[in-house]
> 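Next up is a structure, given as structure tokens.
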Amino acid sequence: MTPTIRFKLSLMMFLEFFIWGAWFVTVGTYLLHNLHTTGTQVGAAFLTQSIGAIIAPFVIGLIADRFFSAQKILGVLHLAGAALLWRASMAADFSSFYPSILTYMILYMPTLALVNSISFRQMQNPQKEFAMIRVLGTLGWIIAGITIGWLNWEQTDNLGLTFKMAAGASLLLGLFSFTLPPTPPVKKEGKSSIGDLLGLEAIGLLKNRSYLIFFLASVAICVPLSFYYGFTNPFLNEVGMKSAAGVQSLGQVSEVLFMLLIPVFFSRLGVKKMLAIGMLAWVVRYAFFAYGNGETAYWMLIAGIVLHGICYDFFFVTGQIYTDNLAGEQSKSAAQGFITLATYGVGMLIGSLLSGQIVDAHKVANDLHDWRTIWLIPAGIAAAVLLVFILLFKDRNAPVSSEDISYAEANARLEV
């Protein structure tokens, strides 16, 4: 990989996650305080992420793996996303906000798989090279959070500006994407089935029993994850933490550190131990949030935030590499979209529906909440998932054969 390509991929990752971090961290607080929504409506807003993630594999399989270059699709999606984010910033109530953010997330979620696919296609050894590129995405998220805290948008009720900041970055990435290394689809010999066109051949990965357990664990662990995404910022503001969005960026600082260490941990620990440690970190984090406060146990809040590096890197980044190792050469984009479906799609969908109702059910006087009970619920869910995963998952790193990942051979072929 040349220095120029490395720089372009790094900038791509920086902007991709700056856009997300610029509005996503504080949207719960924005909705509760600025648009005066309920917790259930906050959950519905985060549900748009899941809807986008569920659609993403079909978008990637239909377009990126078959017909058009990934970098061009990335550019078009981000240009459209810029207009939608700007429109969301102008919404006066939840009914006008929701359609914009729903459409935006349907367009944004496929880009998570696209940036991974574009990066992996330029690499000789993703296990060693990917972390150094992906870490710039974490830096982008950090800069977004620090900017929000520095500008004091949370305390001055100006969180609507976060959407405008994200819109500007989305416009920039949309234009920049057309300068990225060409990533054309890998051509298949012969005719394609309907399943091929939709990217459903990635479902064949589930024939590998280990990957099936990983897939189900990914779905289940994202149920408690939705509590963190949706309600950490409102929680921290409610318990009196100043510049909460900026403080939350400490989680991404730790993510940078552990991201850089991924190659070392990957070779020494293997897939199973890394995934298990990541899930254990979720249990500990939620316990810290349950018993932490803005006074005597402030350190627990900070520790819970800092654990983000282990929570994210050990589970999600490891899972992306594990998926890439098992996928066939012609199905890598679809496979990345498929794991996005499992994590940000199905799991977060269930969690978003559940978390908002739980938060509303534990609301007390003066718009305050019983956060200890709220956080102990996802802690318990994460602990249960961890136990089942340890008992059932076997660390098998050998790539599966083309027959194992072919959806079409397991079903009647429909020639087109």
Side-chain angles (χ1 to χ4, degrees), residues 10 13-14 16-22 24-26 112 116 127-128 130-150 154 218 221-222 224-233 235-237 239 241-269 271 273-294 297-321 343-344 375 378-379 382 386:
S10 298
M13 283 291 184
F14 179 91
E16 174 77 12
F17 286 90
F18 178 91
I19 293 164
W20 200 3
F24 193 74
V25 173
T26 57
L112 295 174
N116 285 343
Q127 291 188 25
K128 293 183 178 180
F130 181 65
M132 296 300 295
I133 299 297
R134 175 58 181 79
V135 74
L136 268 294
T138 302
L139 181 61
W141 191 292
I142 291 171
I143 297 301
I146 291 176
T147 300
I148 294 169
W150 176 60
E154 291 164 287
S218 297
I221 201 65
C222 283
L225 172 62
S226 64
F227 284 77
Y228 177 77
Y229 278 167
F231 295 101
T232 297
N233 190 258
F235 160 67
L236 295 177
N237 277 287
V239 299
M241 179 177 285
K242 296 182 179 180
S243 300
V247 176
Q248 281 182 260
S249 67
L250 291 175
Q252 279 65 48
V253 173
S254 74
E255 185 183 329
V256 171
L257 174 61
F258 285 102
M259 188 82 69
L260 295 174
L261 295 174
I262 282 288
V264 177
F265 286 120
F266 204 97
S267 61
R268 295 188 179 184
L269 297 178
V271 172
K273 290 181 180 178
M274 290 190 69
L275 294 173
I277 291 171
M279 286 186 279
L280 177 61
W282 285 108
V283 179
V284 177
R285 155 182 267 178
Y286 289 132
F288 280 158
F289 281 178
Y291 292 97
N293 57 60
Y298 187 79
W299 69 271
M300 286 189 175
L301 303 181
I302 300 299
I305 292 171
V306 171
L307 275 172
H308 181 76
I310 299 177
C311 293
Y312 187 89
D313 293 340
F314 275 56
F315 192 86
F316 290 99
V317 176
T318 299
Q320 290 166 359
I321 296 172
T343 53
Y344 294 108
W375 290 122
L386 171 61

> If you define the side chain from C-beta out and look only at heavy atoms, does anything of F289 sit under 4.5 Å from M300?
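Sidechains of M300 and F289: no contact.
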> Looking only at atom types and distance, does a side-chain atom of S254 sit under 3.5 Å from a main-chain N or O of G251, one as donor and one as acceptor?
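Answer holds: yes.
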> Is any side-chain heavy atom of S249 closer than 4.5 Å to a side-chain heavy atom of W141?
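Not in contact.
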> List the steps, then state whether ring-ring contact (aromatic ring centres under 6.0 Å, His included) holds for W299 with F288.
CA-CA 9 Å; W299 69 271; F288 280 158; 5.6 Å; yes
> When you measure from the side chain of E154 to the backbone of A245, do you find a donor-acceptor pair of N or O atoms at a distance under 3.5 Å?
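Flag set: sc E154 to bb A245 pair under 3.5 Å.
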> Start with the C-alpha distance between W375 and F235, add both sets of side-chain angles, then the distance that settles ring-ring contact (aromatic ring centres under 6.0 Å, His included), and finish with yes or no.
CA-CA 10 Å; W375 290 122; F235 160 67; 5.4 Å; yes
> Quick check: closest heavy atoms across N233 and V25, and the distance to 0.1 Å?
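Scanning both residues, the minimum pair turns out to be CB-O, 3.2 Å.
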> Are any non-hydrogen side-chain atoms of L236 and V247 less than 4.5 angstrom apart?
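Side chain of L236 against side chain of V247, heavy atoms only: no contact under 4.5 Å found.
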> Short question: side chain of Y286, backbone of P224 - any donor-acceptor pair under 3.5 Å?
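Yes: the side chain of Y286 pairs with the backbone of P224.
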> Any sub-3.5 Å donor-acceptor pair from R285's side-chain atoms to L307's backbone N or O?
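No, the answer is negative, given that no donor and acceptor are paired below the 3.5 Å cut-off.
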> Keeping D313 on the side-chain end and V317 on the backbone end, is there a donor-acceptor pair under 3.5 Å?
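It does not hold such a pair.
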> I143 versus F14: any side-chain heavy-atom pair under 4.5 Å?
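Yes, close enough: below the 4.5 Å cut-off.
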